[in-house]
**Student:** 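Here it is: the structure, laid out below.
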Amino acid sequence: IRYTLLKDEL
Amino acid sequence: MNIFRLTGDLAHLTAIIILLLKIWKTRSCSGISGKSQILFTVVYITRYLDLFTNYISAYNTLMKIIFVVSSLATVFLIYFKFKATYDRNHDTFRMEFLIIPSIILALLIRHEFTVMEVLWTFSIYLEAVAILPQLFLVSKTGEAETITSHYLFALGSYRGLYLLNWIWRYYFENFLDWISIVAGFVQTVLYCDFFYLYVTRVLHGRKLRLPA
């Protein structure tokens, strides 16, 4: 499961 | 980007435009909670600080700027330009009851203990409940103008569509963020009672009036 600190969602 | 996220974003954008147009055309912000609008402004400002640190896409940057600027404009219209029409006697929900628990929760439950990450998490938690002063105002006055109902429907749909987007991203991108999902679920649930009234009344051409 990948979680990214780079937030691409609004 | 998938269809659910795109339609969610467009629903969000539509809600903001409906609200601004309603206030501008009628020269009145009656029936609108200034407190919810202040909370949304706080949400956007704390969440989109990454505008200064990370570039993701032109779409992402543009939408973030639109959300911040339009929410500031809405607050300005309510508290300055059309403040004579603001329902301050009915808009009595205490903002600190939402802000303080959101701060505490963001400090406790977040992915990383950094300023940006805690502020992002705070914005997610605060957004989930930011509509409560508006729903409280509607329940106090017992009714909402039809245009205000459309605004609430578009705004409520947005996070519901994001829930579908997260299901999609889990299956196709192996992406999972429990903080967004749980907060988004709570946010959507808060609108359910309103959704029911909207579908059964407003879509049948009647005004949204709460059952006695």
Side-chain angles (χ1 to χ4, degrees), chain A, chain B residues 1-2 4-6 8-13 16 43-44 46-51 53-57 59-68 110-112 114 116-121 123-124 127 158-159 161-163 165-166 168-181 184:
Chain A
I1 306 292
R2 188 171 58 83
Y3 161 75
T4 174
L5 284 173
L6 183 65
K7 309 291 197 288
D8 62 336
E9 293 182 344
L10 298 163
Chain B
M1 177 62 75
N2 58 60
F4 301 114
R5 181 141 58 116
L6 183 63
D9 288 345
L10 293 179
H12 193 182
L13 190 61
I16 288 168
V43 164
Y44 301 137
T46 51
R47 185 176 309 167
Y48 299 154
L49 286 173
D50 64 353
L51 273 172
T53 58
N54 294 316
Y55 177 80
I56 293 159
S57 67
Y59 170 83
N60 188 277
T61 301
L62 182 67
M63 292 293 261
K64 284 174 175 171
I65 292 172
I66 291 175
F67 290 159
V68 172
R110 71 282 180 277
H111 295 294
E112 276 193 5
T114 61
M116 291 285 277
E117 190 64 15
V118 169
L119 284 175
W120 178 86
T121 313
S123 82
I124 294 288
E127 185 188 351
Y158 137 71
R159 224 51 179 174
L161 287 160
Y162 257 71
L163 287 177
N165 153 62
W166 290 318
W168 176 284
R169 294 193 75 177
Y170 174 69
Y171 279 107
F172 295 104
E173 298 170 28
N174 205 25
F175 173 93
L176 192 65
D177 180 356
W178 279 110
I179 289 176
S180 301
I181 293 171

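A note on names: the letters A, B, ... follow the listed sequences, proteins ahead of strands, and every chain is numbered from 1. Reckoned from all heavy atoms, side chains included, excluding hydrogens, waters and symmetry mates.
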**Student:** When rounded to the nearest 0.5 angstrom, what distance separates NZ in B/Lys64 from NZ in A/Lys7?
**Tutor:**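 NZ of A/Lys7 is found 9.5 Å from NZ of B/Lys64.
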
**Student:** Kindly indicate whether the side chain of B/Asn165, heavy atoms from C-beta on, has any atom under 4.5 Å from the side chain of A/Glu9.
**Tutor:**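 The answer is yes, as the side chains (C-beta and beyond) meet within the 4.5 Å cut-off.
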
**Student:** Heavy atoms, side chains only, cut-off 4.5 Å: are A/Leu10 and B/Tyr59 in contact?
**Tutor:**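 Heavy-atom side-chain distance check passes, below 4.5 Å.
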
**Student:** Side chain, backbone, both or neither: which part of B/Trp120 has a heavy atom under 4.5 Å from chain A?
**Tutor:**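 Looking at B/Trp120, just its side chain touches chain A.
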
**Student:** Does any backbone or side-chain atom of B/Asp50 lie under 4.5 Å from a heavy atom of chain A? Answer side chain, backbone, both or neither.
**Tutor:**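 Side chain only.
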
**Student:** Quick check on B/Tyr44 against chain A: is it the side chain, the backbone, both or neither that has a heavy atom closer than 4.5 Å?
**Tutor:**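 It is neither, since no heavy atom gets under 4.5 Å.
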
**Student:** Grab the two heavy atoms, one from A/Asp8 and one from B/Asn60, that are nearest each other, plus how far apart they are.
**Tutor:**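 For A/Asp8 and B/Asn60, the tightest heavy-atom pair comes out as O-ND2, 2.8 Å.
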
